[in-house]
Amino acid sequence: MSKQYETVIGLEIHVELATKTKIFCSCSTEFGGKPNTHTCPVCTGMPGSLPVLNKQVVEYAIAVGLATNCEITQYCKFDRKNYFYPDNPQNYQISQLYLPICRNGGIEIDTPSGKKTIGIREIHMEEDAGKLIHDEWEECSLVDFNRSGVPLIEIVSKPDMRSAEEVIAYVDKLRLIIQYLGASDCKLQEGSMRVDVNLSVRELGSKEFGTRTEMKNLNSYKAIARAIEAEKNRQIELLEEGKEVIQETRRWDDNKETSYSMRSKEDAHDYRYFPEPDLVPIVISDEWIENIRKRQPELREEKLKRYKEQFNIPDYDAKILTSSKKIADIFEATTAICNKPKKVSNWLMGETMRLMKEEGIEAEELSFSPENLAKLIELVEEGAINNSVAKEVFEIIFKEDIDPKKYVEEKGLKIVKDEGLLIKTIKEVIEENPKSVEDYRGGKKKAIGFLVGQTMKKMKGKADPSMINKILKELL
Amino acid sequence: MSQVISDELMEYIANLAKLELSEKEKEQAKKDMERMLSYIDKLNELDTEGIEPLSHIFSVNNVFREDVVTNGDDSENILSNAPERKDEAFKVPKTVE
Amino acid sequence: MDITRLTAIELGKKIKSKEVGVVEAIKASLEKIEKYEQEFNCYVTIDKEGALKRGEEIQKLIDEGTLDSPLAGVPVAIKDNICTKGLRTTCSSKILSNFKPTYNAEAVINLEKAGAVIIGKTNMDEFAMGSTTETSAFGETKNPWNKEHVPGGSSGGSCAAVALEECFYALGSDTGGSIRQPSSFCGVVGIKPTYGTVSRYGLIAYGSSLDQIGPIARSVEDCANILEIISSFDVKDSTSIKREEYDFTSALVDDVKGMKIGIPTDYFKEGIDEEVKKAILKAAKTLEEKGAIVEEFELGLVDYAIYAYYVIASAEASSNLARFDGVKYGYRTKDYENLNDMYKRTRSEGFGTEVKRRIMLGSFVLSSGYYDAYYLKALKVKALIKEEFNKAFKKYDVILGPVAPTTAPKLGESLSDPIKMYLGDIYTVSINLAGLPAISVPCGIDSKGLPIGLQLIGDCFKEKNIIRAAYAYEKTRPYIRPTINI
Ligand SMILES: [Mg+2]
Ligand SMILES: [Zn+2]
């Protein structure tokens, strides 16, 4: 490579909103269910049916717009985007082109070279399409309209990103903002957040943009990073060979680590947008905006600051605790019960993270209750169980959300406080291990560890090691 | 006639509209469209500088629904008109990914 | 007594007073249908069994005293672009030839609540695109006054059925004149209400921003009563308007004293038939004699409305009709190689020529590079037209003019020249563009023996003005039935 290139990246991110019903009808947005069971004449495009807008969709869109420093379009409208596809029941998508609900925003990201603002061109509301299932037995596809009409916002960034790191920082920041707002769970894997990467390359220093491609089907940060790397290289290679980059949509195959063109000669991308005649304009008053702003929950930055100040949590810990809305929620709820922020933080940053990694689950999927974690912490604090027992119990809480008090009671895991029994057991250990006793008395102080261990074993772990230590020292 | 419609343009529009016109239909449609457009061009006689395009007659705004589920499973009805179905889904020719 | 000759209100009264039974009335209508259908083809679907069954139920409710609507038990025909649950609804198109809606249109729900008995679904121009009811995939409907002529369109089946007394009243839809023009050609009364008055939920869309459902009957009184029943604020239709009142029948008073009526001189310039012109001006004179203040005025942009209308209606139609693709309902082609091929063949075989013509035009005016020049321009002209009417209604209560420049043309005459057919909509389309209410009332018969229609246009939400004027005018002239010779 003789020339130096710069990668220019802009993102289009579709986010499924956490409403109970679809954007234009009163069907449930619930996941799963048999095909076409969450449908009605509106979301299946039956002749004569008409859309009616879900107010909550507008409220979520405004909330996201405010949290990303956008201007709210106080007179906004829907438009029809016309194209044929079987998952699109009306063969037009109700979306926004001319007057999207949010415009001209941006968020700040942290990069290794400092802070940087990524501009947001617009956020618009639209409906999701149905699902196409490719039949395994026959040469055909099957259409399920359960997802048809699920509300989406599409967040369109400016072409302000220059690397995969910046892209991931931006996506992650957006994800957190939206999760904190409760507007979506933003799961990349499950598609409730879908990132399309628009990428072009140009010679370093050039002011002109190169021809861009759009990459779809990126359902993890890893996939995003790999796809950006691969597409950047593909485009540079083309340019180096004196060929042209074709403006097109490509689909990323993460298994093969390659992308392929989704172009077919049938689709001309002429969407013939025009104002949706079946929906009236939305007028957003200053008052409405202020109301939403007031109801806006605490976002990550504010939370981070508060954790450090209120709970005396170190910056590093606070960052991890707030890296997911779910974990922050568990942290706060548990702390509210037991009033031991540092302990709660330790459990979340230590055992919880370890088990999440081991089980391969996301923070959003955590299912244990703050009540049970608080009880566990109290058990340890009271000295009713020791740390190693606590860790075992936590694993069960993590998986089945059991009540640790009952569990410890039932399984007889409480520390034995009976000093007589402990002394008796330690005496037995001393008798059975004359070699170690010799060693200890001969000056090898470390030998005591073995004796403590032996005692713990005999007590089936239900003893306090510091007490054993104390008694052993006395007896020796 | 101000707007001349080329065969390519006719082909392009037909493809957008998912219509397949026979040669005869195409010729006829082309002629009709040219004539129609030459009439429609009369609209250019009007000065519409500064006029807001009017899509809705009444200035009614903010017609909303509350976010409450009221629809249940109506799949049998919804599928009852399907030209082809397989189990609970509409069957279509294989779509390419 | 021939029951079928009664107006809907007259029959309603006789049913209430037990002079006529509901089933008896239905049977009388069915007999008329039996007699004339072969020849005139007003219906796409006749629901004999359903109607008789429903008739018995309604009779019971009337006997119990739980139904006291003025139209309880009166048989009605519904245009075939209005969804009726379980009853085939085709839009007179091959592409929907086997479609049975899973729900009722809101207007139909309102009718049923009032105890109406649906007797069948009426023929129309395919997807309401046409002015003659010749573009139907189920054959043309013929004019009751002369079988060689068209009944007008697109609600031609509804209007002809009413004129032939095959039903007591009917619902039609009006996008650019589709209720008023066939009413005029068939010598019956039809109202296109203010946009947003009757819910569009369940009306299969042609031009969404223009479409309205309205009544067709043999008297102004009937139409006012029907309109009162079918109008409602509907939360399922976002463009439905919550009106201050839904009372139209209180306007049925024979008094136009002091009413200000304007006649646009531009309506009588060129292209208008002399006999039509004479009849309209005579009707104006009659109203003047009854005490109305009638004067001529200049209404601008009359010629432009038609082009703006065709751009907007076609554009919306091209999108509205995209859903007919052989996937969810309706016709699907037999042989196809792949998805795109299935789409193209299904739609090319399923739609008729006129529909395809308008889809092509509509797709074109919305396509990249042409949107501003055509579609946006048309929306701006629409704004100007609305402004013209606003000015006029500052001075007048009612605008009076013809419904169409001519009486019903001969079968086959219009289709050979679609542009000429479009130009025939000159007096009706601007009303839809401006969302106004208008009524068509018979006002004469030309030398060919074909009826002429008078159009009375009101300001938005002022249906009462046009109903009052039409009612007073109607009082001066008896209802004339077509002499039917088969
Ligand atoms: Mg989108
Ligand atoms: Zn639905």
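A, B, ... follow the sequence lines: proteins, then strands. Residue 1 opens every chain.
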Pairwise side-chain contact, [X] with [Y], heavy-atom cut-off 4.5 Å (strictly under):
X	Y	result
A:Pro281	B:Asn62	no
B:Phe64	A:Ile282	yes
A:Asp270	B:Tyr12	yes

Can B:Lys94 and A:Glu138 be counted as an ion pair, charged N to O under 4.0 angstrom?
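A:Glu138 and B:Lys94: not salt-bridged.
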
B:Lys86 and A:Asp135 ion-paired at < 4.0 Å
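Between A:Asp135 and B:Lys86 there is a salt bridge, with a charged N closer than 4.0 Å to a carboxylate O.
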
Do you know which of [options] has the most heavy-atom pairs under 4.5 Å to chain B?
options	value
A:Asp87, A:Ile284, A:Asn82, A:Thr37	A:Thr37
A:Lys22, A:Lys77, A:His38	A:Lys22
A:Pro35, A:Cys40, A:Pro41	A:Pro35
A:Asn91, A:Thr39, A:Thr29	A:Thr39

Sort B:Val92 into side chain, backbone, both or neither according to what part of it lies under 4.5 angstrom from a heavy atom of chain A.
both

Part of B:Thr70 lying under 4.5 Å from any heavy atom of chain A:
both

Segment of [X] engaging chain B (4.5 angstrom heavy-atom cut-off):
X	result
A:Thr44	side chain
A:Leu279	backbone
A:Phe24	backbone
A:Val58	side chain
A:Lys34	side chain
A:Leu142	both
A:Glu276	backbone

Is it the case that more than 12 heavy atoms not belonging to [X] sit under 6.0 Å from its [atom1] atom?
X	atom1	result
B:Lys30	NZ	yes
B:Glu66	CD	no
A:Glu257	CD	yes
A:Glu287	CD	no

Could you have a look at B:Asn77, B:Ile78, B:Asp74, B:Val68 and say which one has the most heavy-atom pairs with chain A under 4.5 angstrom?
B:Ile78

Using only atom types and a distance under 3.5 Å, with no angle test, would you say the side chain of [X] pairs donor to acceptor with the backbone of [Y]?
X	Y	answer
A:Asn36	B:Ser75	no
B:Arg65	A:Lys55	no
A:Thr21	B:Val69	no
B:Asp67	A:Lys20	yes

Go through A:Ser141 and B:Thr95 one step at a time and tell me if the side chain to side chain contact (heavy atoms under 4.5 Å, CB included) criterion holds.
CA-CA 6 Å; A:Ser141 298; B:Thr95 54; 3.3 Å; yes

Is there a donor-acceptor contact under 3.5 Å linking the side chains of A:Ser26 and B:Asn71?
no

Assess, by modelled atom type and distance only, whether the side chains of B:Asn61 and A:Tyr75 contain a donor and an acceptor separated by less than 3.5 Å.
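No, no side-chain donor-acceptor pair sits under 3.5 Å.
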
How close do A:Phe84 and B:Leu16 get, counting heavy atoms only, and between which atoms?
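Heavy atoms of A:Phe84 and B:Leu16 come nearest at CE1-O, 3.6 Å.
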
